[in-house]
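Just so it is clear: chains get the letters A, B, ... in the order the sequence lines come, proteins before strands, and each one is counted from 1.
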Protein chains: 2
Amino acid sequence: MSGFGSGDPFLADCPARLAVELIADKWTVVVLYGLSKGPVRHGELIELIGGISRKMLTQTLRRLEAHGLARRHAYAEAPPRVEYELTQLGATLIDPIHVLTEWAVANGDAVLDALDADPEPVAHSG
Amino acid sequence: MSGFGSGDPFLADCPARLAVELIADKWTVVVLYGLSKGPVRHGELIELIGGISRKMLTQTLRRLEAHGLARRHAYAEAPPRVEYELTQLGATLIDPIHVLTEWAVANGDAVLDALDADPEPVAHSG
DNA sequence: CCTGCCGGTTCCTATCGGAAACCTAGCCTG
DNA sequence: CAGGCTAGGTTTCCGATAGGAACCGGCAGG
């Protein structure tokens, strides 16, 4: 426990908060989930992740790369082929991401249910 | 485990994805982390969470409320007092959130390090 | 030459998000 | 009674960002 801890997620300017902000993003979580299976091609991720655009995928991957969580490997072939994979640091995120996604799978219905039951009053029709 | 699962986080239009999008948000994670300690007042959260504005806090709490993860309790007193706490559904998120924040605390430095080592080329000064 | 494939990037706009002011409501002060 | 304090919330203003559609570029095939 000695040298550990990069601050507290509550503190705005500490590495822990930076790390939270890095991964607590809707696309980032899904992309990491996609990467957690092993090396994947850009196009595969596009197919895999419903609703993501090429731009957002590239952008998200670049961010992961810049923060040391993913690595990009471009094969100098034709047609071009680019694979992404988690780095060793990124691999430490597999568990947290899976815990999160498992929660989502297990409780998505309940969330949807609650949302459905609580439709915020939109203003009366009169 | 039989009837479980509200889809796959990869699918754009399933409850699992909705759930991911609900919590995979920078403020949401930190607010949930704050709520995980038990009932908290709005003002306490403001003090606790560095950098959050009242607007974002209220907005985030409202979203959690609407999705059944948090509950708001306003005491009809003076001065006004409002407490927020996790619902039973929200409490199931404590573990995932803690796993995430613990990862952030443990690896924040490494992330910062990688970011520092990879300063994206900004265009040469010439 | 034209076409298609793959990955990436540019353009443009709707939305997000922060700062700060304003609002409500009850109590205390004078 | 007028004014100010506290605590939570909302509004306004405006810059930053998200995100889709469309375009770019190299190479193989016809």
Quick test: give all pairs of protein nitrogen or oxygen and nucleotides 4-7 of chain C nitrogen or oxygen below 3.5 Å, distance rounded to 0.1 Å.
{"residue": "C:dC6", "atom": "O3'", "partner": "A:Arg41", "partner atom": "NH2", "Å": "3.4"}
{"residue": "C:dC6", "atom": "O3'", "partner": "A:Pro80", "partner atom": "O", "Å": "3.3"}
{"residue": "C:dG7", "atom": "OP1", "partner": "A:Arg41", "partner atom": "NE", "Å": "3.2"}
{"residue": "C:dG7", "atom": "OP1", "partner": "A:Arg41", "partner atom": "NH2", "Å": "3.0"}
{"residue": "C:dG7", "atom": "OP2", "partner": "A:Gly43", "partner atom": "N", "Å": "3.0"}

Show me, pair by pair, the donor-acceptor contacts under 3.5 angstrom made by side chains of residues 7-27 of chain B, not counting sequence neighbours?
{"residue": "B:Asp8", "atom": "OD1", "partner": "B:Phe10", "partner atom": "N", "Å": "2.7"}
{"residue": "B:Arg17", "atom": "NE", "partner": "B:Pro9", "partner atom": "O", "Å": "2.6"}
{"residue": "B:Arg17", "atom": "NH1", "partner": "A:Gly50", "partner atom": "O", "Å": "3.2"}
{"residue": "B:Arg17", "atom": "NH2", "partner": "A:Gly50", "partner atom": "O", "Å": "2.9"}
{"residue": "B:Arg17", "atom": "NH2", "partner": "B:Pro9", "partner atom": "O", "Å": "3.3"}
{"residue": "B:Arg17", "atom": "NH2", "partner": "B:Phe10", "partner atom": "O", "Å": "3.0"}
{"residue": "B:Asp25", "atom": "OD2", "partner": "B:Trp27", "partner atom": "N", "Å": "3.2"}
{"residue": "B:Asp25", "atom": "OD2", "partner": "B:Thr28", "partner atom": "N", "Å": "3.0"}
{"residue": "B:Asp25", "atom": "OD2", "partner": "B:Thr28", "partner atom": "OG1", "Å": "2.8"}

To the nearest 0.5 Å, how far apart are CG in B:Leu64 and CD in B:Gln59?
11.0 Å

Rounded distance (Å) that lies between atom [atom2] of [N] and atom [atom1] of [X]:
| X | N | atom1 | atom2 | answer |
| --- | --- | --- | --- | --- |
| B:Ile46 | C:dA20 | CD1 | P | 14 Å |
| B:Tyr75 | C:dT24 | OH | C1' | 21 Å |
| B:His73 | D:dG9 | NE2 | P | 13 Å |
| A:Glu77 | D:dG25 | CD | P | 22 Å |

Would you say A:Ile94 and A:Val40 are hydrophobically clustered, going by side-chain heavy atoms of ILVMFWY under 4.5 Å?
yes

Would you kindly confirm whether A:Leu69 and A:Met56 end up in one hydrophobic cluster when ILVMFWY residues are joined by side chain heavy atoms under 4.5 Å apart?
yes

A:His67 versus A:Arg63: any side-chain heavy-atom pair under 4.5 Å?
yes

For residues 93-115 of chain B, pull every pair meeting ring pair (Phe, Tyr, Trp, His ring centres under 6.0 Å), keeping only residues two or more places apart or in separate chains.
B:Tyr33-B:His98

Partner residues of B:Arg62 under the side-chain contact (heavy atoms from CB on, under 4.5 Å) criterion, sequence neighbours left out
B:Thr58, B:Glu65, B:Arg72, B:Tyr84

Do A:Glu83 and A:Arg41 sit within salt-bridge range, that is, some charged N less than 4.0 Å from a carboxylate O?
no

Per-nt protein contacts along nucleotides 12-18 of chain C (heavy atom under 4.0 Å; B base, S backbone sugar-phosphate only, - none) come out as -----BB

For the helix from C:dC1-D:dG30 to C:dG30-D:dC1, what angle lies between the axis at the first five pairs and the axis at the last five pairs, to 10 degrees?
20°

Looking at every non-hydrogen atom in both residues, tell me the closest pair between B:Thr92 and B:Pro96 and how far apart they are.
O-CD, 3.4 Å

Check the pair A:Leu32, A:Leu86 against side chain to side chain contact (heavy atoms under 4.5 Å, CB included), reporting the backbone distance first and the verdict last.
CA-CA 8 Å; A:Leu32 284 170; A:Leu86 292 177; 3.9 Å; yes

